[in-house]
Every structure is written in structure tokens, then in C-alpha cells.
Amino acid sequence: EGITEIGHCAFKGYEGFKNLETAVLPQSLKTIGEYAFGSCQKLTTVNLPSNLKEIESEAFQNTGIKNIVFPESLIYLGAAFNSSALESVYIPENVEKIEGSAFNWCNNLKKITFTKAVCSVVNCNALEEIVYPADYGTYNYEYYHYFMAENCPNLKKITFPAVEKNNNVKILKTSYGTYVKNCPKVTLGNVNSDMIKYYIDHIVVSKERRSVNITFPFEVEEMQFFITT
């Protein structure tokens, strides 16, 4: 206790810690540095303390962690869990920024839930569902001009938040455009059935220069739709 930061490469997997299985971290900890536990492939259990503010990139990259509970204190999440064994992820709403490749190549990841900040998800073979925030007016759009998801062959559902009930409903709004690439099973859903108009702005879908079919589980009366090659 009293330690506030674990530094860069402190317990790196091929620096003598390749057999590390469990990490019990002090409650005083605020920052986990880049590659702090990276490539600890046998690491399956870690507690993230209640005062933690930042997890830097590659901090838990290529680890055996299947489940992680992010504390409400967390503000910043770097590209920290790529190629890990995570199966499900819930991002608390106090997180202000997530780096774009935070969960790339997580082949056991089936569901990810964003509550405020968002990031793109790439090369997650088991991913089935992405849940986006309930408040589309305040969270960070920084990575939306890249994509929502790419190369996730089993992604079936992108769940959008409850939308405003007015005459010009906006399910998704971004000036950069948002797209899903090489995710042939994806369905956009979870929209209130009593909505009259559905307006999806700048959804861009592409797959090897051919458009991908997307099904909507509701009747669409108004749509602006863009196909890119």
C-alpha cells in the first residue's frame, strides 16, 4: 500500500514473469503503466483497485485474463487488453477516453458494452454484440471516423441506445461517418418499436468493394444511407 504507479514493463511476461498467475494490487494504485503486465500469458486473475485512474497501452496485452471489473474511478483506458483472453467487457461511464485498439484480437470476447466513451473493435472472432451508450450527446466521437467494428465474422448485433421520441429521431450522429467492415452477420437493433421515424446518419458499410446486407428489426420510414467501396 502507498504505491501509486506501476511503471513501464515492470512485470513484463518475458522479463522473468512468464509464470505469473495472479496480481493483487494495492488500493492506493492510480496508474498502471505501458506493458506493465504485457505478455504474462498465464496471468488470469487481477484486481483493479477502486482508486485506479489510468491503464496505459499494452498493460495487459496477451494475458490470460478472462474477466475484468473496471472501477468507477477509471478515466483513461489505453490499448491495454489487445490479444487477451477477455470474454466480456463493461466500460463504466466515468471513462473519458479509450484508445482505438483497446480490445483488438481478443478472440474470446463475445460482448462489449460502452456507457460513455467508445472505441473501434477489430479482429475479434467470437464477438457477437456491441452495446453503445445511452447518451449520444456527450461522449467522445474521436474514433468514430474510423469504424465501429471490422473483421468480426460472428458479430450479429449492434445495440443502439434508447432514442429521443420526437419528430426527427437520431439513432446515430457523427460528422465523420461510421461503418462496419467485414462483419457479414451484423444486425442493427434494439430500437423502440413505437418510434415513427428512424434516421440513421452516415452509416457506411463495406466489404471488399461490395455492399453488405444489413437487416433492421423495425420499419424504416426515413433513412440516409451511404455505401463505400
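Heavy atoms only: backbone and side chains are in, while hydrogens, waters and symmetry mates are out. Note that the structure is predicted; figures quoted are calculated from it, not measured.
Screening N154, N107, N151 against N125 for a side chain to side chain donor-acceptor pair (under 3.5 Å) leaves a single residue, N107. Just one of I3, L52, N47 meets the side chain to side chain contact (heavy atoms under 4.5 Å, CB included) condition when paired with Q27; it is N47.
Side-chain polar atoms of N104 and N123 form no donor-acceptor pair below 3.5 angstrom. Looking at N19 and K42, their side chains do bring a donor and an acceptor atom within 3.5 Å of each other. No hydrogens or angles considered: a donor-acceptor pair under 3.5 Å links the side chains of E58 and N82.
A ring pair (Phe, Tyr, Trp, His ring centres under 6.0 Å) check over residues 35-64, counting only residues at least two apart or in different chains, returns the pairs F11-F37, F37-F60, F60-F81.
Within the 4.5 Å cutoff, the side chain of I32 has no heavy atoms near those of the E54 side chain. Using a 4.5 Å cut-off on side-chain heavy atoms (C-beta onward), I65 and L86 make contact. Looking at heavy atoms from C-beta onward, I6 lies in side-chain contact with L25 at the 4.5 angstrom threshold. The shortest side-chain heavy-atom distance between T31 and E56 falls under the 4.5 Å cut-off. A heavy-atom distance below 4.5 Å is found between the side chains of S39 and Q61. Residues C119 and F114 meet the side-chain proximity criterion, which asks for heavy atoms closer than 4.5 Å. At a threshold of 4.5 Å between non-hydrogen side-chain atoms, the residues L77 and F103 count as touching. Contact of the V118 side chain with the I98 side chain is not registered, since no non-hydrogen atoms from C-beta on lie closer than 4.5 Å.
Counting only distance, with no hydrogens or angles, the side chain of S120 and the backbone of G100 share a donor-acceptor pair below 3.5 Å. Judged by distance alone, the side chain of H8 and the main-chain N or O of G33 form no donor-acceptor pair under 3.5 Å.
Between the NZ atom in K110 and the NZ atom in K156 there is a gap of 9.5 Å [rounded to 0.5 Å]. Distance check, rounded to the nearest 0.5 Å: OG of S84 to CG of L109 gives 7.5 Å.
Scanning all heavy atoms of the two residues, the minimum distance from S83 to C106 falls at N-SG, 4.0 Å. Minimum heavy-atom separation, A102 to G78: CB-O, 3.5 Å. Residues A23 and L43 come closest through the heavy atom pair N-CD1, 3.8 Å. A pairwise comparison of heavy atoms in V131 and E129 identifies CG2-OE2, 3.6 Å as the closest pair. Taking all atoms of both residues into account, the shortest heavy-atom contact from S73 to S50 is OG-O, 2.8 Å. P71 and P49 make their closest contact through CG-O, 3.3 Å (heavy atoms, listed as atom of the first residue, atom of the second, distance).
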For residues 87-95, run the donor-acceptor check on the side chains, cut-off 3.5 Å, and write out each pair with its distance to 0.1 Å, sequence neighbours left out.
| from | atom 1 | to | atom 2 | distance (Å) |
| --- | --- | --- | --- | --- |
| N94 | ND2 | E72 | O | 2.7 |

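Cluster annotation: I68 and W105 are assigned to distinct hydrophobic clusters (Ile/Leu/Val/Met/Phe/Trp/Tyr, side-chain heavy-atom contacts under 4.5 Å, transitive).
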*Step by step, would you call N62 with Q41 a side-chain contact (heavy atoms from CB on, under 4.5 Å)?*
CA-CA 6 Å; N62 197 24; Q41 296 183 20; 3.2 Å; yes
Q) How far apart are the C-alpha atoms of L48 and I55, what are their side-chain angles, what is the distance that settles it, and do they pass the side-chain contact (heavy atoms from CB on, under 4.5 Å) test? A) CA-CA 10 Å; L48 297 182; I55 303 175; 3.9 Å; yes
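With sequence neighbours left out, T44 forms a side chain to side chain contact (heavy atoms under 4.5 Å, CB included) with no residue at all.
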